[in-house]
There are 2 protein chains.
Amino acid sequence: MFSKACKYAIRSTIYIAEQTSSGKRVGIKEIVKAIDSPEAFTAKILQQLSKAQIIESVKGPAGGFVINEKKLNKLKLSEVVEAIDGDSIYKDCGLGFKVCSEKTPCPMHHKFKGIRNELKEMLENTCVIELSQSLEKGLSFLNR
Amino acid sequence: MFSKACKYAIRSTIYIAEQTSSGKRVGIKEIVKAIDSPEAFTAKILQQLSKAQIIESVKGPAGGFVINEKKLNKLKLSEVVEAIDGDSIYKDCGLGFKVCSEKTPCPMHHKFKGIRNELKEMLENTCVIELSQSLEKGLSFLNR
DNA sequence: TTATTAAAAGACATGAATGTCCTTTATTAA
DNA sequence: TTAATAAAGGACATTCATGTCTTTTAATAA
């Protein structure tokens with residue numbers, strides 16, 4: 001479904017969101033420990049998220065990653081996914097055809113479009129902050 | 001979503017189903033022309049489908065691939081997908097955790113499970129033959 | 001200003017998926 | 001029985017995602 005890079009991106013973002021909410025800035029070592037991911041690879045992904053202005057990074061002592069408060073209050077899962085995997089997951093044809101539409105559908109099109117669309121809606125309607133809150137309350141987990 | 005191998009598998013199966021329905025046995029060259037896929041790679045995938053008893057192959061002159069009539073009348077998309085990609089697409093955690101369930105969910109679990117399940121239902125409830133029929137009627141396409 | 005810290009950046013390594021090529025096996029027809 | 005045909009099988013090549021390592025850049029505090 002999502003690439004590993006994208007999964008690490010989502011996990012990281014949720015964790016940073018949780019820590020940001022409690023006023024903490026977090027370093028890469030803490031993040032990878034919390035979300036169980038490879039450090040250097042995750043660092044690359046955080047660079048991408050930073051360039052996409054989803055998270056902010058601060059260098060130097062006591063540096064690390066945070067999410068701008070304004071941003072955090074409206075950040076959707078779709079933004080994180082699109083920054084890493086693009087929008088192909090809910091745009092592309094299920095059978096891999098370049099041309100596939102209502103007018104010239106692949107044989108799976110009508111069966112598939114609903115699911116593709118629900119995924120899109122879910123990502124666009126899910127706020128990172130609500131996921132980080134469930135994490136903070138101990139209702140969900142990032143390390144299994 | 002699906003691997004390329006799986007997409008080629010689905011396309012091939014639908015095409016073979018269509019040709020089988022009109023009493024024709026089809027060779028690999030015809031198949032890859034019809035579904036626009038790399039020949040040698042597709043041949044490997046058809047081997048897998050053959051081993052999984054989804055399609056049948058006949059060697060020698062006038063050989064090729066067919067789908068057993070009995071099989072064709074009940075063949076579901078899920079069987080094709082599972083033969084190539086396995087069931088991870090609707091079993092695995094969206095964020096890649098090994099442990100993720102109703103009791104110990106990842107932060108995305110409750111948002112994701114519905115989609116994962118709909119995909120499963122769609123694949124399990126969609127017959128290959130109905131897709132091949134829409135193709136035969138010119139209502140869908142395998143080559144764009 | 002210098003030393004320290006932590007992220008950024010670039011080069012490189014590994015593994016899995018995708019794709020190709022060549023030989024072997026099985027079937028058919030002459 | 002032999003020649004021709006087409007799938008099966010094995011070895012190899014390529015590409016892309018994943019992952020690591022080292023150096024550079026920026027920020028902080030002594």
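So that the names make sense, note that chain A is the first sequence line, chain B the second, and so on, each numbered from 1. Since we're looking at a predicted model, the values are computed, not measured.
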Figure out the NZ/P separation between Lys59(B) and dT27(C), and round it to whole Å. 7 Å
Which base, if any, makes a Watson-Crick or G-U wobble pair with dA30(D), both distances under 3.5 Å? dT1(C)
What integer distance in Å separates Gln48(A):CD from dG10(C):C1'? 14 Å
At the 4.0 Å heavy-atom cut-off to chain A, mark where contacts on DNA chain D begin and end, going 5' to 3'. dT18(D) to dT28(D)
As a test of reading the structure: which of dT25(C), dA8(C), dT20(C) is closest to the side chain of Ser50(A), going by heavy atoms? dA8(C)
Per Lys4(B) side chain, nearest of listed nucleotides dA9(C), dA6(C), dG19(C): dG19(C)
Is the backbone of Lys91(B) close enough, under 3.5 Å, to the side chain of Arg116(B) for a donor and an acceptor to pair up by distance? yes
Look at all strands and tell whether Lys51(A) reaches a base, only sugar-phosphate, or nothing, counting heavy atoms closer than 4.0 Å. sugar-phosphate
base_contact_polar (dG10(C) base, Lys44(A) side chain, donor-acceptor, <3.5 Å): yes
Is any side-chain heavy atom of Glu121(B) less than 4.5 Å from a side-chain heavy atom of Asn125(B)? yes
May I ask you to verify if any side-chain N or O of Ser57(A) is less than 4.0 angstrom from the OP1 or OP2 atom of dA8(C)? yes
Taking side chain as C-beta onward, heavy atoms only, is Pro105(B) less than 4.5 Å from His110(B)? yes
Which ring-ring contact (aromatic ring centres under 6.0 Å, His included) pairs, counting each pair once, include a residue from residues 23-70 of chain B, with sequence neighbours left out? Tyr8(B)-Phe41(B)
Side-chain contact, heavy-atom cut-off 4.5 Å: Val66(A) with Ile55(A)? no
Sort out the partner of dA30(C) for me: Watson-Crick or G-U wobble, both distances under 3.5 Å, none otherwise. dT1(D)
Residues of residues 15-39 of chain B with any non-hydrogen atom less than 4.0 angstrom from an atom of DNA chain D: list those, numerically ordered, please. Gly27(B), Ile28(B)
